[in-house]
2 protein chains.
Amino acid sequence: MSDSEKDRSTEEKIKDAARVVFHKKGFAATRTRDIAEEAGLNLALLNYYFRSKEKLFDIIMLETMMGFMGAMMFVFNDEGSSFEEKVEKTVSSYIDLFIKEPQIPLFIMNELQRNPEGLAGKLNIKSVLLNSVFARQYQEVMNRRGGEPLHIMQFVMSLMGLLVFPFMGRPMLKIIGDLNDEKFVTMMKERKKLVPVWIEAILSAG
Amino acid sequence: MSDSEKDRSTEEKIKDAARVVFHKKGFAATRTRDIAEEAGLNLALLNYYFRSKEKLFDIIMLETMMGFMGAMMFVFNDEGSSFEEKVEKTVSSYIDLFIKEPQIPLFIMNELQRNPEGLAGKLNIKSVLLNSVFARQYQEVMNRRGGEPLHIMQFVMSLMGLLVFPFMGRPMLKIIGDLNDEKFVTMMKERKKLVPVWIEAILSAG
DNA sequence: ATATTTTTTAATCATTTGATTAAATCACTT
DNA sequence: AAGTGATTTAATCAAATGATTAAAAAATAT
């Protein structure tokens, strides 16, 4: 049978190892032998359980994208919170996520650019933003504010830029800013308070 | 002889092709045969002129980093311009650069994260920011503003986030925002005006 | 306990890929 | 035109890599 305790254990070991290595090196630079070694398992088991490197990668990519977009979807479609509360919650959730798993943003953006037709591109994430409660509340904020309206994607690009760029640029930022890991993480935690204030300032600036 | 018209021409053809392919696919996913094909040249010529894939990559990486950091260094150390003028000039230069070569940010951040010890990491870019005229002027702005001072790296992360993230996240942003290439470029041009205003707002927000 | 099925392993395969080589071609000098 | 050195080409090599196989080991069923 295919659901014994040991089964699941081996399968999970492979997935965990694959996640670590794929996130760190990306698809192309990852060798199946790296994953087997990371998992402490025989190389042939990868093919036994997942058929091919591509299939294994697709599973990891799917789960990673789900984790990434899922956090957003949950917050963006909550009817009970205000626009400002959603911004705060988004910022806080993503910073926590990226402190734990710093490679996720670069991994996703990279694989998506290198292979836009791949699994990640096929996922239906079109409606996640534009049909969300958050998008509706954004329009309300725009109407209330008056002046030249700002395209929601200009806003989202800025929010995400403030939020995820530090993690994508981390190696460079650490060099030019002379930061160690501890200092970097401290600054990221500071940004939980800073970014929402800045977002407010950006929206008021018109 | 090593400087004939044909010499330089072949060498340049290889470098141009290598730049295109490395920028698009990254080091690991690039096959030397891809570069040879892109250049329309025999595969052996890559090794004849550049010894190895690694050496060719190092040259492209060096030139790319120079182009990327050079634009910044030039603006950041101009004694004749104000802080605000430097922000405007930086935003404008980088947006123009990335509209022409959209893969540069992801390429650099990626290779830097995957191989921090590599050539790019060895470059002396430590002083580019912290010892610049721009950094001094930033401190003046902070003193003038009063309130809780903001670490210059928090500021730089935000400036770069607003500036370069849209290009790194382009494939995802195009999907979730339902944007075509033309619309995307239009929005990037709009950001030349928007980002400096937002930076002003961020600094005033304290 | 024995038989059967599932899982794991070591060995091996076939292809890809970076690099080299020896011969052919080209450019330039005398 | 012949000679010389530089450049280009086709063929090939060796190592790396994703995948498979047959046998061994382990788990489960009878």
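Order of the sequence lines fixes the chain letters, A, B, ..., with proteins taken first and strands second; residue numbering starts at 1 for each chain.
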### Query
Is the closest basic N to carboxylate O distance between Lys192(B) and Asp96(B) below 4.0 Å?
yes
- Message: Looking at Asp78(B), is its backbone amide N or carbonyl O close enough to the side chain of Lys86(B) to form a donor-acceptor pair, meaning the two atoms are under 3.5 Å apart?
- Response: yes
Leu45(A) CG to dA23(D) P, in whole Å, measures 19 Å
_Parallel, tilted or perpendicular: which one describes the rings of His23(A) and Phe107(A), with boundaries at 30° and 60°?_
tilted
In whole angstroms, the gap separating C1' of dT8(D) from CD of Glu11(B) amounts to 15 Å
Fill in: side-chain N/O Thr10(A) vs dT8(C) OP1/OP2, d < 4.0 Å
yes
Per-nucleotide protein contact along nucleotides 13-25 of chain C, 5' to 3', at a 4.0 Å heavy-atom cut-off (B base, S sugar-phosphate only, - neither), is ----BBBBB----
Check this for me, if you would: do Arg19(B) and Asp16(B) make a salt bridge, where the nitrogen-to-carboxylate-oxygen distance has to be below 4.0 angstrom? yes
Q. Given the side-chain rings of Phe134(B) and Phe76(B), with only the six-membered ring counted for Trp, is the space between their centroids under 6.0 Å?
A. yes
Rounded to whole Å, CG of Leu41(B) lies from C1' of dT7(D) at a distance of 11 Å
note: Asp34(A), atom CG; dA19(D), atom P; distance rounded to Å ~ 14 Å
From CD of Glu37(A) across to P of dG18(D) the rounded distance in Å is 13 Å
Hits for salt bridge (charged side-chain N to carboxylate O under 4.0 Å, His left out) against Glu79(A), two or more places apart or cross-chain, chain-then-number order -> Arg136(A)
